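Working notes for the structure below.
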Amino acid sequence: MAAYRPVPPRTGTEGFPRVNPSQQPRPARLAVGVVGAGRVGPALARALQQAGHRPVAVSGVSDTSVRRAARMLPDVPLVPPAQVLERSDLVLLTVPDDALPALVEGLAETGAVRPGQLLVHTSGRYGTAVLDPARRAGALPLALHPAMTFTGTEVDVQRLAGCSFGVTAPDELRLAAEALVIEMGGEPEWIAEENRALYHAALALGANHLVTLVAQSLELLTRAGVAHPDRMLGPLLGAALDNALRSGDAALTGPVARGDAGTVAAHVAELRRHAPGTVAGYLAMARTTADRALAHGLLKPELAEDLLGVLADTDPDGGDQ
């Protein structure tokens, strides 16, 4: 494998100076392989291709993965995982978190891993310890997790510009990890091995649960007769997100933060009538909001008692909603 030297950044990412390519020696290009043609792998491979590297092989199992690979990485052969490693200097392991340990162990046991090969996984949950079987075979382990939601389409490549990556790597590979992230248009954020699960939980709490909350809001607005619920929610949620990122808990508004127990009780009653499946989530989030508003002085203590009484309410059968 050619010695790795990073391609100069394409965009002058904040914190990294612009580099004039004409003043630099031509960097080594890497043959890039993808194991797992889900939503993430092909997009990262395309980003690396735009930085000058060369996708050479991809593996996928489902029909959807095969079609995605053909669309995102045309003319790149679809081969079994072992052959991806055989052809590649840099391998992206972009499989579900729970499948990653067994995949790494299997590749190492079959001798597919080559000494000096860059092995990169994109799991948020794991650091580099999960790659230890491959490291013992001589691989160079990197954990590069893009903190972004992926669609499996071309738009993902564009969204990588300015995207933060949760990066974990051995000290001797920090520069290589940093360079790869910058080449993909992202910004590296270093995460300690022992903090990976907490880091990933934080992202899931914010992003994944947000989708669920928005989908429920859209459904409820539709039931309330709103013709274009997306148009109604868009500006409101955009402002709420911007305020929360800027001000944290100080951005809390609404009936819970104000201590309007009667309004919250009316909400719960209507949700039980029209969408009982949303009651548990509403109560859980409202309790958490009340706790945070009270702790930050937004919710007056004299109003909190009645509010918390409403939020502790149970259904007619005695079960907590």
Side-chain angles (χ1 to χ4, degrees), residues 1-9 16 25-36 40-41 43-49 51-59 79-95 97 99-146 160 165-196 199:
M1 185 184 81
Y4 177 69
R5 289 178 292 163
V7 176
F16 298 90
R26 183 174 178 81
R29 286 352 191 216
L30 299 177
V32 177
V34 179
V35 176
V40 178
L44 297 189
R46 279 290 300 277
L48 289 169
Q49 184 179 41
H53 300 294
R54 184 169 54 93
V56 295
V58 59
S59 71
V79 299
Q83 291 186 33
V84 173
L85 270 70
E86 180 182 339
R87 302 180 185 193
S88 307
D89 303 317
L90 165 64
V91 182
L92 300 172
L93 302 179
T94 52
V95 297
D97 290 0
L100 182 61
L103 172 65
V104 175
E105 290 179 5
L107 292 172
E109 288 174 359
T110 58
V113 178
R114 294 188 284 110
Q117 192 169 46
L118 282 165
L119 209 58
V120 178
H121 79 69
T122 59
S123 165
R125 171 186 173 187
Y126 293 108
T128 57
V130 71
L131 298 174
D132 279 350
R135 189 204 311 245
R136 289 191 288 270
L140 306 177
L142 301 176
L144 307 180
H145 174 251
L160 286 173
F165 279 65
V167 178
T168 304
D171 288 343
E172 63 273 17
L173 294 177
R174 283 176 70 100
L175 289 178
E178 212 168 63
L180 286 171
V181 170
I182 295 169
E183 287 174 355
M184 288 185 283
E187 298 184 13
E189 184 71 37
W190 291 94
I191 308 296
E193 180 81 27
E194 63 271 19
N195 290 335
R196 290 290 294 202
Y199 150 81

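Everything numeric here is computed off the predicted structure, so don't read it as measured data.
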Step-by-step side chain to side chain contact (heavy atoms under 4.5 Å, CB included) determination, L118 to L142: CA-CA 7 Å; L118 282 165; L142 301 176; 4.0 Å; yes
Go through it in stages, so that I can follow the logic: the residues are V120 and L93, the test is side chain to side chain contact (heavy atoms under 4.5 Å, CB included), and I'd like the CA-CA distance, side-chain angles, deciding distance and then a yes or no. CA-CA 6 Å; V120 178; L93 302 179; over 6 Å; no
Are L144 and L180 close enough, and set up right, to give a side chain to side chain contact (heavy atoms under 4.5 Å, CB included), and what steps lead you there? CA-CA 9 Å; L144 307 180; L180 286 171; 4.2 Å; yes
Criterion side chain to side chain contact (heavy atoms under 4.5 Å, CB included) on L119 and L140, from CA distance to verdict: CA-CA 6 Å; L119 209 58; L140 306 177; over 6 Å; no
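A heavy-atom distance below 4.5 Å is found between the side chains of P170 and P141. Inter-residue side-chain proximity for M184 and L48 is flagged as met; some heavy-atom pair is nearer than 4.5 Å. Counting heavy atoms from C-beta outward, V113 and V91 have side chains that stay 4.5 Å or more apart. Between R174 and W190 the shortest side-chain heavy-atom distance falls below 4.5 Å.
The two atoms that bring A47 and L160 nearest to each other are CB-CD1, 3.7 Å, heavy atoms only. Contact between V34 and A45 at its shortest, heavy atoms only, is CG2-CB, 3.7 Å. Of all the heavy atoms in V35 and V84, the pair that sits closest is CG2-CG1, 3.8 Å.
For R87, the side-chain contact (heavy atoms from CB on, under 4.5 Å) criterion is met by V56, A57, P77, V79, Q83, not counting sequence neighbours. In this structure A192 satisfies the side-chain contact (heavy atoms from CB on, under 4.5 Å) test together with E194, N195, sequence neighbours excluded. Residues that satisfy the salt bridge (charged side-chain N to carboxylate O under 4.0 Å, His left out) test with R196, not counting sequence neighbours, are absent from this structure. Checked against side-chain contact (heavy atoms from CB on, under 4.5 Å), D97 has the following partners two or more places apart in sequence or in another chain: S123, R125, Y126, H200. Listed by chain and number, the residues in a side-chain contact (heavy atoms from CB on, under 4.5 Å) with T122 are V40, L44, T94, P146 (sequence neighbours excluded).
The distance from the CD atom of Q117 to the CD atom of E86 is 10.0 Å, given to the nearest 0.5 Å. Atom CD1 of I182 is separated from atom CZ of F165 by 11.0 Å, given to the nearest 0.5 angstrom.
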Anything under 3.5 Å between a donor and an acceptor, one on a side chain of residues 103-112, the other on a protein residue two or more places apart or in another chain? List them.
| residue | atom | partner | partner atom | Å |
| --- | --- | --- | --- | --- |
| T110 | OG1 | G106 | O | 3.0 |
| T110 | OG1 | L107 | O | 3.1 |

Let me have the donor-acceptor pairs involving side chains of residues 131-138, under 3.5 Å, with sequence neighbours excluded, atom names and distances please.
| residue | atom | partner | partner atom | Å |
| --- | --- | --- | --- | --- |
| D132 | OD1 | R135 | NE | 3.1 |
| D132 | OD1 | R135 | NH2 | 3.1 |

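Judged purely by atom type and a 3.5 angstrom limit, T168 has no side-chain atom pairing as donor or acceptor with the backbone of G127. Here the side chain of H53 pairs no donor or acceptor atom with the backbone of R29 at under 3.5 angstrom. Between the D89 side chain and the A31 main chain, a donor and an acceptor come within less than 3.5 Å of each other. No donor-acceptor pair under 3.5 Å is formed between the side chain of E189 and the backbone N or O of V167.
Residues E193 and T128 bring a donor and an acceptor atom of their side chains to less than 3.5 Å of each other.
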